[in-house]
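FYI, the numbering just counts along the sequence from 1. Note that ligands are numbered from 1 as they come in the structure, with each ligand's atoms numbered from 1 the same way. Quick caveat, the model's predicted, so the values are computed rather than measured.
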Amino acid sequence: MDWKKALATAIRQPGELLRAVGLHPRQLPEAIDDATDFPLRIPRAYVERMRHGDPNDPLLRQVLALRRERETAAGYALDPVGDGPATRQPGLLQKYHGRALIITTGACPVHCRYCFRRHFPYDEARAGADDWRDTLAHIAADASISEVILSGGDPLSLDTPRLRRLTEGLRAIPHVRRLRIHSRMPVVLPARIDDEFLAWLGGLPWRTVMVIHANHGNEIDAGVTRGLRRIQAAGVTLLNQAVLLRGVNDSVATLADLSEGLFTAGVLPYYLHQLDRVQGAAHFAVGDARARELTDQLRRQLPGYLVPRLVREQPGAPYKQLAESGEQTAGMTSRSADKSLKAQQKSAETGL
Ligand SMILES: *Cc1c(COP(=O)(O)O)cnc(C)c1O
Ligand code: SF4
């Protein structure tokens, strides 16, 4: 089946999803939500990787809408990562030095229940309505932008000719030196990685990075691995970002298995995100102490390059903050401040 048809026939009703995996609502530990305003969307290719008859399947948990999402939790917001204040013009975000992120589309092949952009106002804040003219003009006018990130939504929801029009425009801007693509498509709908797409990817003039999004080893089956290997063969550097999710991947064995599966497919783990505190997702949160314990255990088992960096996005900070040391802001943590104070005292003593 081609990818557009696969998207059009994605599952959109909880009842239909449960039937497809052989479950009755009564078998679930909690109530599902039939009328959520962030509706279900799950390609059948993804459903096929769920364990039949398992109400706690880690893939099912990522996509099945629960009544619990309607609960409000203290500290959980509509825009938890400060996308609003970082918007330079519709569909163009700039938070970090040298990098500009384009919201290319609001569409995603799958709706992840924990998504930090689940309340994002895509209708008013999406680029591309002008066939990229305003987006390209902004990037061309700012020589400090050396890396352009295609994000969304999922940029691969756009068809390849539309992506090509965007990169043709970027080619003409000499200060753009790197292109990065953030996409969950290779994981949820590997049929999207077709010959036309690979021809576009392989023909790009930059060293291109693709950051995929897989959270569990069960997401990476033979079809996904094949697609990822073809992306790599097109000369693209592949990285993964995962979100640490309670009941999905919050165990050392699961995280180790994910890293191994990624590496087999030619992907290195990049970030392990602490959940962005978006309204409706509080039940997925894992505490910082537990998260650090998990990455510490992971480090004892795996080579360093298979251990992702545990990060938490702080609105307004100049980079994604390491959650490993309890770092809170871009400045020093109280612990590192303590240490440097001690170092000063010591050097005062020894005269260094
Ligand atoms: C996450 C993000 C990036 C990329 O950050 P890296 O640390 O370089 O991966 C860039 N721009 C925005 C707006 C982001 O949210
Ligand atoms: S693929 Fe990414 S942007 Fe789309 S719903 Fe999932 S987490 Fe959100």
Problem set entry | CA sep, side-chain torsions, deciding dist, call: T167, W206, side chain to side chain contact (heavy atoms under 4.5 Å, CB included) | CA-CA 10 Å; T167 51; W206 312 278; 4.1 Å; yes
For this session: Decide whether F116 and L275 are clustered together by the hydrophobic rule: side chain heavy atoms of Ile, Leu, Val, Met, Phe, Trp, Tyr closer than 4.5 Å, transitively.
Result: no
Exercise. Touching ligand 2 at all, D154? Heavy atoms, strictly under 4.0 Å?
Worked result: no
Problem set entry | Contact partition for R118 relative to ligand 2, non-hydrogen atoms under 4.0 Å | neither
For this session: Indicate yes or no: at least one non-hydrogen side-chain atom of Y46 is less than 4.5 angstrom from one of E219.
Result: yes
Exercise. So L204 and L179, side chain to side chain contact (heavy atoms under 4.5 Å, CB included) or not? Walk me through it.
Worked result: CA-CA 9 Å; L204 295 173; L179 183 76; 3.7 Å; yes
Exercise. Which ligand 2 atoms does V110 reach within 4.0 Å, using its non-hydrogen atoms?
Worked result: 4 (Fe), 5 (S)
For this session: Report yes if Q94 has an N/O atom closer than 3.5 Å to an N/O atom of ligand 1; otherwise report no.
Result: no
Exercise. Looking at E16 and R44, does any basic side-chain N land under 4.0 Å from a carboxylate oxygen?
Worked result: yes
Problem set entry | Lys/Arg-Asp/Glu bridge criterion (N-O < 4.0 Å) met for R312, D276 | no
Exercise. What atoms of ligand 1 come within less than 4.0 Å of a heavy atom belonging to Y271?
Worked result: 6 (P), 7 (O), 9 (O)
Seminar exercise, completed: If we number the atoms of ligand 1 from 1 as shown, the ones under 4.0 Å from a heavy atom of I149 are 3 (C), 4 (C), 10 (C)
Exercise. Does some non-hydrogen atom of H213 fall short of 4.0 Å from ligand 2?
Worked result: yes
For this session: Name the closest protein heavy atom to atom 12 (C) of ligand 1, giving the residue it belongs to and the distance to 0.1 Å.
Result: L101 CD1, 3.6 Å
Problem set entry | Heavy-atom nearest option to atom 2 (C) of ligand 1, drawn from K95, R99, K320, H97 | K320
Exercise. Which ligand 2 atoms are under 4.0 Å away from a heavy-atom of R184?
Worked result: 1 (S)
Problem set entry | N/O donor-acceptor pair under 3.5 Å between T36 side chain and D33 backbone | no
Seminar exercise, completed: Quick note on ligand 1: atoms under 4.0 Å from a heavy atom of Y270 include exactly 6 (P), 7 (O), 8 (O), 9 (O)
For this session: Would you indicate whether R49, at its atom CZ, is surrounded by more than 12 heavy atoms from other residues, nucleotides or ligands within a distance under 6.0 Å?
Result: yes
For this session: May I ask you to identify the nearest protein heavy atom to atom 3 (S) of ligand 2, giving residue, atom name and distance to one decimal place in Å?
Result: C108 SG, 3.5 Å
Exercise. Between the candidates S183, C115, G106, C112, which shows the shortest non-hydrogen contact distance to atom 6 (Fe) of ligand 2?
Worked result: C112
